[in-house]
Amino acid sequence: MISAQVWADAQRLWDFQQMQHELRPCSVAIGLGSHDLGVADTTAELFHRGMAPLIVFTGATSRTTRERMPRGEAEHYRERAIELGVPDVAILVEPRARNTGENIQFSRALLEGQQVAVSSALLVSKPYEERRAYATARKLWPEVEWLSASTSSTLRDYIDSIGDERLVVDMLVGTQQRLMLYPQQGFMIEQEIPDGIEAAYARLRDAGFTSRLVTETLQQP
């Protein structure tokens, strides 16, 4: 069982990741591949709301998706969006990216290759990675105005959907570590981290929620 203190600290990290951007129509929506098909659902919803005329789904596979998504995360996202009524012609697939930095870099190359002019982009990620994805995109493609979006969900509802509360807390801790570490390595823009967030991260790390941490040497975002 997870203690009340762990829940409180996980909620702090969850809330910090939510950027609360006011969404508006953009040049493109970019859905970042992962184990979570909710990203595809939210990207499709934004398309139907007229928030973007074009979608890019980006992502290969990882150790958590290679069995569930054998054709690649981006391809499974595309299939899901088509099921939800998005026309195939409105979707581009970037099938090679294996981390957030590559998601942005390869999506940019794909769009430039298709001669799509991009001045603004909706960046659709998992709820606990909004801020991390935004910070990476701002660093790697600074000419674009980025708006972060994710599935609207409480922490409890998200944990219920994943079915593994410890894994979700581990992922929150790993995401927070990267927000503090990667700007020093040139992978993200620097963001202010409130003292209360750093303290919550430290308590969760010290409590053993460490499976998604990276070593503090040069990594990829």
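These numbers come from the heavy atoms of this one structure, side chains and all, not from hydrogens, waters or symmetry mates. One-based numbering along the sequence shown.
A single hydrophobic cluster is seen to contain both Val28 and Ile104, as judged by linkage of ILVMFWY side chains at heavy-atom distances under 4.5 Å, directly or through other members. Under a hydrophobic clustering in which Ile, Leu, Val, Met, Phe, Trp and Tyr are joined whenever their side-chain heavy atoms come within less than 4.5 Å, directly or via other members, Ile30 and Val144 fall into the same cluster. By the rule that hydrophobic residues join a cluster once side-chain heavy atoms approach within less than 4.5 Å of another member, Leu92 and Ile55 end up as members of separate clusters.
Heavy-atom neighbours of Glu67 CD from other residues, nucleotides or ligands within 6.0 Å: at or below the threshold of 12. No more than 12 heavy atoms of other residues, nucleotides or ligands shown are found within 6.0 angstrom of CG on Asp195.
No donor-acceptor contact under 3.5 angstrom links the side chains of Ser150 and Ser125, judged on distance only. If you check the side chains of Arg131 and Gln191, you find a donor sitting under 3.5 Å from an acceptor. Side chains of Ser107 and Glu94: a donor-acceptor N/O pair is absent below 3.5 angstrom, by distance only.
You'll find the side chain of Ile197 reaches within 4.5 Å of the side chain of Leu13, heavy atoms only. In this structure, the side chains of Ser27 and Val116 stay at 4.5 Å or more apart for every pair of heavy atoms. Residues Leu46 and Leu23 form a side-chain contact, since some pair of their non-hydrogen atoms from C-beta on lies under 4.5 Å apart. Under the 4.5 Å side-chain criterion, counting only non-hydrogen atoms from C-beta, Gln17 is in contact with Leu179. Counting only heavy atoms from C-beta outward, the side chains of Val168 and Leu155 approach each other to under 4.5 Å. Within the 4.5 Å cutoff, no side-chain heavy atoms of Tyr182 are placed close to those of Lys139.
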>> Walk me through whether Arg24 and Glu145 qualify under salt bridge (charged side-chain N to carboxylate O under 4.0 Å, His left out).
In response: CA-CA 11 Å; Arg24 60 171 180 78; Glu145 179 184 2; 2.3 Å; yes
>> Using the rule given for salt bridge (charged side-chain N to carboxylate O under 4.0 Å, His left out), can you reason through Glu198 versus Arg205, listing the C-alpha separation, both sets of side-chain angles and the distance that settles it, and then say yes or no?
In response: CA-CA 10 Å; Glu198 287 202 37; Arg205 180 199 60 205; over 6 Å; no
> For Asp9 and Arg203, what are the C-alpha separation, side-chain angles and deciding distance, and is it a salt bridge (charged side-chain N to carboxylate O under 4.0 Å, His left out)?
Replying inline: CA-CA 8 Å; Asp9 287 335; Arg203 283 192 295 268; 2.8 Å; yes
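The side-chain hydrogen bond (donor to acceptor under 3.5 Å, both in side chains) with Thr151 is formed by just one residue from the set Thr43, Asp157, Thr42; it is Thr42.
Closest approach of Asp36 and Tyr77 over heavy atoms only: O-OH, 2.8 Å. Here the closest non-hydrogen pair linking Thr61 and Arg98 is O-NH1, 2.7 Å. The shortest non-hydrogen separation linking Ala200 to Arg12 is CB-CD, 4.1 Å. Closest heavy-atom contact between Pro25 and Ser120: O-OG, 4.3 Å.
In this structure, the separation between NE2 on His21 and CH2 on Trp146 is 12.5 Å, given to the nearest 0.5 Å. Annotation: the span from Ile2 atom CD1 to Glu165 atom CD amounts to 3.5 Å, rounded to 0.5 Å. To the nearest 0.5 Å, the span separating CD on Glu73 from CZ on Arg66 amounts to 10.0 Å. Residue Thr100 holds its OG1 atom at 10.5 Å from CD of Gln105, rounded to the nearest 0.5 Å. Atom CZ of Arg96 sits about 9.0 Å away from atom CG of Leu110, to the nearest 0.5 Å. To the nearest 0.5 Å, atom CD of residue Glu129 and atom OG1 of residue Thr136 are 9.0 Å apart.
Taking the ring axis of Phe57 as reference, the NZ or CZ atom of Arg78 does not stay both within 45° of it and closer than 6.0 Å to the ring centre.
Ring-plane geometry between Tyr128 and Tyr158 is classed as perpendicular, the angle between the planes exceeding 60 degrees on a 0 to 90 degree scale with a lower cut at 30.
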